[in-house]
Amino acid sequence: MSWVRICEIFKAASPEATTGPRLGETVTIKGWVRTVRESKADGGLCFVALSDGTCFDPIQVVCKAAGPEALANFAEVAKLTTGCSVEVDGTLVASQGKGQAVEILAVGSKGGAVRIIGQVDNPDTYPVSNKRHTFEYLREVAHLRVRTNTFGAVARVRHTLSMAMHRFYDQRGFFYVHTPIITASDCEGAGQMFKVSTLDMLKPPRNEQGGIDHSHDFFGKEAHLTVSGQLNVETYCQALSRVYTFGPTFRAENSNTSRHLAEFWMIEPEIAFADLRDDANLAEEFIKFLIQTLLDERSDDMKFFDERIEKGLIDRLKDVVAKPFRHLPYTEGVRILKEAQSKGDAKFEFGVDWGKDLQSEHERYLTEKHFKQPVVLMNYPKQIKAFYMRMNPPGTDNAPGDTVAAMDVLVPGVGEIIGGSQREERLDVLDARLAEMGLNKADYWWYRDLRRYGTTPHAGFGLGFERMMMFATGMQNVRDVIPFPRAPKQAEF
RNA sequence: UCCCCGAUAGCUCAAUGGUAGAGCGACCGGCUGUUAACCGGUAGGUUCUAGGUUCGAGUCCUAGUCGGGGAGCCA
């Protein structure tokens, strides 16, 4: 008797299927009990909804107390509760009831067709009992929440998105580069970093100034967890042409929002001999590919999100794939926002001025109200962007000040999902920017080398994987789209 | 980090400063090829923690812890 996954059974039941278990075939399935219902009909029946996590729907196992298929342990099986693990030998049959096309009829008592593997200690206090639970509560039982409909679907979608991402880049000749998690370069710029050290925190070695002497530390200097793989991946880009990195990223910011994590995953492609336009096109093509793959390959889970998490989700996503993204300069975005404000179409808490960073409310107005679709904002004022972004020629977009070739992709419901730019490939301009921002040239020696030895125009972006998850599923809290969220005061599991 | 809100049964929530309640879940029984099942019953409480006010505190006050929403930082 062969052990099959429940998804194979459902797949084989579709009219066009040519492989997989057929009606009348006897198979073994293994999984966890979702619900048990008992009936006195036909001399005693019970229905066990069994899930092995391979697809959204559980399969119904029918057990009989009387007749040729009677189970010797029927009474025990009928007492199973949510969460118990079992193995079932049974025959695949067309269902006599409504609600499912096929089901498993547990075979007769001789072989012990339903083998109970793991009981649930105390059903009264089982944390994910068969009832509705809030996401807030389920976060407190993150080790068990994946057994629920929602988190099972999230886990499968997360996997499918990861695989789709690798496929997308592989098909286009990108190489996957494993950039380091630990960095001692201390020149990544963005945000507060987590320290990595093996020094005794109670009595660390001191230098002459009384500070901590990191020359005695593991790496001989101060080290941190990475906040971005970009600077490293740029080096590989300048030899392999098209590369990407995908890995965890760490920010020690005390951020308490539904969109921020201390540990999150980021996809960062980098392309050589390319400009900002190429970068924006790649970003758009990438997002559309991910969504199309989900709609094609995870239709059961997506149907659930559409019905229970965000009504109209699937239509919204199909629309995202069908229409070109709206591209516009930051300068134009500011003009639209100012006009909306003066005409009374929008009320903003914060003022809009060229040269200032856009607030969340501004970004959301553009993507959710004004254009009602993903928006790519390009060419930001240089003073609000990082040193490595390429200086635009004066007069770009008729802007009232200097701009850099940066772009953000904004999507409805989430806001900023991608941040990217064309990189400054001219050493003299890069050095001027470093000086302007008070950064020490020497710290960036290897990054500057890329501009000394065969520099190329190149560009890249970072896509927040969890934000993509939120956009694709309609889930509203970033802590619910990663298995074990890391946030301030939150690292239990 | 800032602003606002919250913490009571396994879960979701009620309860004028005066005996601690419901729904769901669990358990027992009834009914049914059942499927968010339905009907009846039973059990289940250090009201987040530490102080304080009061004859009396789930309720009022102070501090703390944790959680949620929004903001900033960003992905």
Side-chain angles (χ1 to χ4, degrees), chain A residues 34-49 57-64 78-79 81-83 93-100 103 105 120-141 144 148-149 189-192 227-230 248-268 283 308 349-350 357-361 363-364 384-386 408-411 414-420 461-471 476-479 481-482 487-490 492:
Chain A
R34 282 295 178 80
T35 61
V36 180
R37 292 176 295 277
E38 214 185 332
S39 169
K40 292 287 191 297
D42 286 1
L45 293 170
C46 76
F47 303 92
V48 180
D57 287 313
I59 196 162
Q60 174 159 284
V61 176
V62 182
C63 304
K64 299 200 169 185
K79 288 276 171 293
T81 57
T82 304
V93 296
S95 179
Q96 293 173 37
K98 294 180 180 120
Q100 60 280 316
E103 62 193 17
L105 175 61
V120 164
D121 272 355
N122 180 0
D124 189 33
T125 56
Y126 180 56
V128 286
S129 60
N130 183 33
K131 76 176 286 293
R132 289 206 181 137
H133 296 285
T134 60
F135 292 151
E136 291 82 7
Y137 166 71
L138 288 169
R139 266 171 231 151
E140 295 168 12
V141 287
L144 298 172
T148 64
N149 283 336
Q192 285 292 311
V227 294
S228 163
Q230 181 201 318
T249 308
F250 307 87
R251 305 275 166 95
E253 302 284 351
N254 192 8
S255 292
N256 292 291
T257 82
S258 55
R259 307 186 307 285
H260 290 85
L261 290 167
E263 177 182 287
F264 65 98
W265 288 65
M266 191 153 63
I267 302 145
E268 296 173 285
R308 297 297 180 89
E349 187 184 342
F350 297 94
D357 217 347
L358 298 183
Q359 305 289 319
S360 287
E361 57 175 348
E363 295 180 343
R364 293 178 87 102
I384 57 172
K385 289 294 182 183
D408 282 356
V409 179
L410 315 174
V411 297
V414 177
E416 184 179 345
I417 197 169
I418 280 180
F461 63 79
L463 174 121
F465 191 60
E466 284 73 26
R467 291 196 180 169
M468 185 65 211
M469 283 289 299
M470 293 168 77
F471 183 56
Q476 295 197 335
N477 194 309
V478 72
R479 291 171 179 147
V481 295
I482 189 169
K489 304 277 156 55
Q490 195 165 27
E492 176 68 23

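Just so you know, these numbers come straight off a predicted model, no measurement behind them. We use all heavy atoms of the structure for the numbers below, so side chains are in, but hydrogens, waters and symmetry mates are not. Proteins come first, then strands; the chains are lettered A, B, ... in the order of their sequence lines, and each starts at number 1.
With distances taken from any side-chain atom of Glu416(A) to the nucleotides rG67(B), rC11(B), rA75(B), the minimum falls on rA75(B).
Once rounded to the nearest 0.5 Å, the distance linking OH of Tyr126(A) with OG1 of Thr81(A) reads 8.5 Å.
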Dot-bracket encoding of pairs in RNA chain B, which uses [ ] for pseudoknotted crossings and | for another strand, Watson-Crick or G-U under 3.5 angstrom: (((((((..((((....[..)))).(((((.......))))).....(((((..]....))))))))))))....
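With rounding to whole Å, His133(A) atom NE2 is found 17 Å from rA36(B) atom P. Protein atom CD of Glu136(A) is 11 Å distant from nucleotide atom C1' of rU12(B), rounded to whole Å. The nearest whole Å value for the distance from the CD1 atom in Ile384(A) to the C1' atom in rC74(B) is 13 Å. Computed from coordinates, the Arg259(A) CZ to rG72(B) P distance equals 7 Å when rounded to whole Å.
With sequence neighbours excluded, the residues that form a side chain to side chain contact (heavy atoms under 4.5 Å, CB included) with Asn254(A) are Asn256(A), Pro488(A). With sequence neighbours excluded, the residues satisfying side chain to side chain contact (heavy atoms under 4.5 Å, CB included) with Val478(A) are Leu261(A), Glu466(A), Met470(A), Val481(A).
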Test log, rule side-chain hydrogen bond (donor to acceptor under 3.5 Å, both in side chains), inputs Arg37(A) and Ser39(A): CA-CA 7 Å; Arg37(A) 292 176 295 277; Ser39(A) 169; over 6 Å; no
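No more than 12 heavy atoms of other residues, nucleotides or ligands shown are found within 6.0 angstrom of CD on Gln476(A).
Contact annotation: Ser255(A) side-chain N/O to rU1(B) OP1/OP2 distance is not under 4.0 Å. Side-chain N/O atoms of Arg479(A) include one lying less than 4.0 angstrom from OP1 or OP2 on rG68(B). Look at Arg467(A) and you won't find any side-chain N or O under 4.0 angstrom from OP1 or OP2 of rC74(B).
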Scan nucleotides 22-28 of chain B against the protein and return all N/O pairs shorter than 3.5 Å with their distances rounded to 0.1 Å.
from, atom 1, to, atom 2, distance (Å)
rG25(B), O2', Ser129(A), OG, 3.2
rG25(B), N2, Asp124(A), OD1, 2.2

Could you write out each protein N or O paired with an N or O of nucleotides 32-34 of chain B at a distance under 3.5 Å?
from, atom 1, to, atom 2, distance (Å)
rU32(B), N3, Glu38(A), O, 3.2
rU32(B), O4, Glu38(A), O, 2.4
rU32(B), O4, Ser39(A), N, 3.4
rG33(B), N7, Gln96(A), OE1, 3.0
rG33(B), O6, Gln96(A), NE2, 2.8
rG33(B), N1, Glu103(A), OE2, 2.7
rG33(B), N2, Gln60(A), NE2, 3.0
rG33(B), N2, Glu103(A), OE1, 2.4
rG33(B), N2, Glu103(A), OE2, 2.9
rU34(B), O2', Arg37(A), NE, 3.4
rU34(B), O2, Arg37(A), NE, 2.9
rU34(B), O2, Arg37(A), NH2, 3.2
rU34(B), N3, Gln60(A), OE1, 2.9
rU34(B), N3, Gln60(A), NE2, 2.9
rU34(B), O4, Gln60(A), NE2, 2.7
rU34(B), O4, Gln100(A), NE2, 2.7

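Comparing Lys489(A) and Gly419(A), the nucleotide of RNA chain B nearest to each residue sits closer to the 5' end for Lys489(A).
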Between side-chain atoms of residues 131-139 of chain A and protein atoms elsewhere (two or more places apart, or another chain), which donor-acceptor pairs fall under 3.5 Å?
from, atom 1, to, atom 2, distance (Å)
His133(A), NE2, Ser129(A), O, 3.1
Thr134(A), OG1, Tyr137(A), N, 3.2
Tyr137(A), OH, Pro127(A), O, 2.9
Arg139(A), NE, Asp480(A), OD1, 2.8
Arg139(A), NH2, Asp480(A), OD2, 2.7

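Residue contacts shown for Ile417(A) are limited to sugar-phosphate atoms, with no base heavy atom under 4.0 Å away.
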